[in-house]
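Reminder, nothing fancy here: chain letters follow the sequence lines and each chain counts from 1.
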2 protein chains.
Amino acid sequence: MAATLKKLHSDFSVDCVVFGFDEGELKILLIDRNEAPFKEWKAIPGNLVAKSEDIDHAASRVLYELTGLKDVYQEQLYTFGKVNRHPQGRVITVAYYSIIRRTEDGLHPMSSFAREAYWWPANDLPKLAFDHNEIAEKALQRLREKILVEPIGFELLPKEFTLTQLQHVYEAITGEDVDKRNFRKRILGSDLLKQLNKKQAGVAHRAAYLYTFNEKKYKKLKNQGMIFGI
Amino acid sequence: MAATLKKLHSDFSVDCVVFGFDEGELKILLIDRNEAPFKEWKAIPGNLVAKSEDIDHAASRVLYELTGLKDVYQEQLYTFGKVNRHPQGRVITVAYYSIIRRTEDGLHPMSSFAREAYWWPANDLPKLAFDHNEIAEKALQRLREKILVEPIGFELLPKEFTLTQLQHVYEAITGEDVDKRNFRKRILGSDLLKQLNKKQAGVAHRAAYLYTFNEKKYKKLKNQGMIFGI
DNA sequence: GCAAAAGTGTTAACTTTACACCCATGT
DNA sequence: ACATGGGTGTAAAGTTAACACTTTTGC
């Protein structure tokens, strides 16, 4: 098999781990590869970096082609550089991760390579192409560290959310259950949430108030050295 | 000037930020470049990665050539991939950092490119070649985050050290003064230090006990999920 | 009226901080 | 004898953790 594959030269790619939250679960966006190598395997979306393209730019390009989203905050995760990680040549890959908000109307892929993209439960990934299981594992680790110290929970939810939904995000990512009263005290105590004059509709129980996250205030406080800390 | 430089093709390098502690100060190892581009500028030591070399391996090779040290723990820091960061071609660089223990007999460089390596105060770096100031800044940031959560202070000191020396390391890295009694309570409370039956010699004041860090015990506890936290 | 999730305070345990004096050694 | 850093404990303040019942809504 390897003999029929064309050789690349030394090159670099980006891979984008995209986190989402749905059905009470943390998810990762995967694609079905339709080219060798690893044809028909599932994989983390990625692409080679063009010669005249910043790697950060390549990462946002891949994300845009996959989801139609622009201006998403992406953070560099780690660079994977084992000699034999790519069967066709020396390709090191710079992995990024991002967190995207679930919207009502779903994703709008801009490119054919994304035709078979879908959400997969982050804690139960299948066997992936290349060293992508390692990449996903590292991204999960990083997300779990990060949520303790930055308010990323909000970015996985719609703009308006209930406190219970937010609590579920935290529980899904950390894997630990949290006391409802203590959670609310802390999260409201940070003074970064605004209670709306609106409640959930159409639920078969007492309707919860909706809240929004005050991103501007957070950024201001963060620049003053405040640390979030849940 | 640019016209006289030979063109590289797309490639990758590693750069190694090496931290040390001396004269009560955090230091970084710098070299004087003796080749274009940036000839005679100071720089963070680095090298191209060979085609058949893992990037982690390249990082330890550079460190070995520079210092003669093997088996030093190095951690990947960040990958810098702006298109124009290298004037001779597209070279992305994977930065690593490491922490080395001050020894009595100094460094033993293994390669000529290191002839002019020396320690420079980390908080007062000169203007460096390429984007190396950015790299150093990121490494410092990372070290400051890391010391709050892993016992790296010990790795900057000789195997046997006094509690005051250790406190100075923490203060130099975090930039904040610490209460002596509280510092000692915490650090001894972690139960990772062993007091030796030895004291400092030749100091013009009451001699302090020497301690060693119990690395094995730390690794065991860490694997059980313990977090250090100073 | 019942099932399901929303909302709400208090107390005890623990952690963190602030703080000052005597001791040992070399000159 | 003096200058220098070494070594030591306590109490107040603040933070975290544990815990259970009433309310609202849709069916």
Item checked: Out of D/dA17, D/dG7, C/dA24, whichever nucleotide has its closest atom nearest the side chain of B/His205 -> C/dA24
Check: What's the CG-P distance between B/Leu163 and D/dG6, to the nearest Å?
Finding: 9 Å
Note to self: Return whichever of A/Gly202 or B/Ala207 has its heavy-atom-nearest nucleotide of DNA chain D closer to the 5' end.
What the structure shows: B/Ala207
Margin query: With a 4.0 Å cut-off on N to O distance, would you call B/Asp22 and B/Lys27 a salt bridge?
Written below: no
Item checked: Integer-rounded Å distance: C/dT8 C1' and A/Phe183 CZ -> 16 Å
Notebook entry, point to check: What integer distance in Å separates B/Asp177:CG from C/dC19:P?
Noted result: 14 Å
Margin query: Treating B/Arg101 as the side-chain partner and B/Leu157 as the backbone partner, does any N or O pair qualify as donor plus acceptor under 3.5 Å?
Written below: yes
Checklist line | Position toward the 5' end of DNA chain D (nearest nucleotide), B/Asp179 or B/Gln165 | finding: B/Gln165
Next item on the list: Tell whether B/Lys199 reaches the base of C/dT25 with its side chain through a donor-acceptor pair below 3.5 angstrom.
Entry: no
Next item on the list: Between C/dT17, D/dA18, D/dG7, spot the one nearest the side chain of A/Asn182, thanks.
Entry: D/dA18
Checklist line | Contact under 4.0 Å: B/Arg184 side-chain N or O vs D/dT8 OP1/OP2 | finding: no
Check: Quick one: B/Lys198 NZ to C/dT25 P, roughly how many Å, whole number?
Finding: 17 Å
Check: To the nearest Å, how far apart are B/Gln200 CD and D/dG5 P?
Finding: 11 Å
Check: Any side-chain N or O of A/Thr164 less than 4.0 Å from the OP1 or OP2 oxygen of C/dA6?
Finding: yes
Next item on the list: Provide, to the nearest angstrom, the distance between the NZ atom belonging to B/Lys180 and the P atom belonging to C/dC23.
Entry: 14 Å
Checklist line | Whole angstrom value for the distance that separates C1' of D/dT16 from CZ of A/Arg181 | finding: 14 Å
Checklist line | Nearest-angstrom distance from the residue atom OH of B/Tyr209 to P of C/dT25 | finding: 9 Å
Check: Relative to the 5' end of DNA chain C, which residue comes earlier, A/Lys185 or B/Arg206, by the nucleotide with the nearest heavy atom?
Finding: A/Lys185
Check: Does A/Gln165 reach the side chain of A/Glu160, with side-chain heavy atoms less than 4.5 Å apart?
Finding: no
Notebook entry, point to check: If you measure from the Lys or Arg side-chain nitrogens to the Asp or Glu carboxylate oxygens, is any gap between B/Arg85 and B/Asp131 under 4.0 Å?
Noted result: yes
Notebook entry, point to check: So, A/Tyr211 versus A/Lys198: side-chain donor-acceptor pair below 3.5 Å or not?
Noted result: no
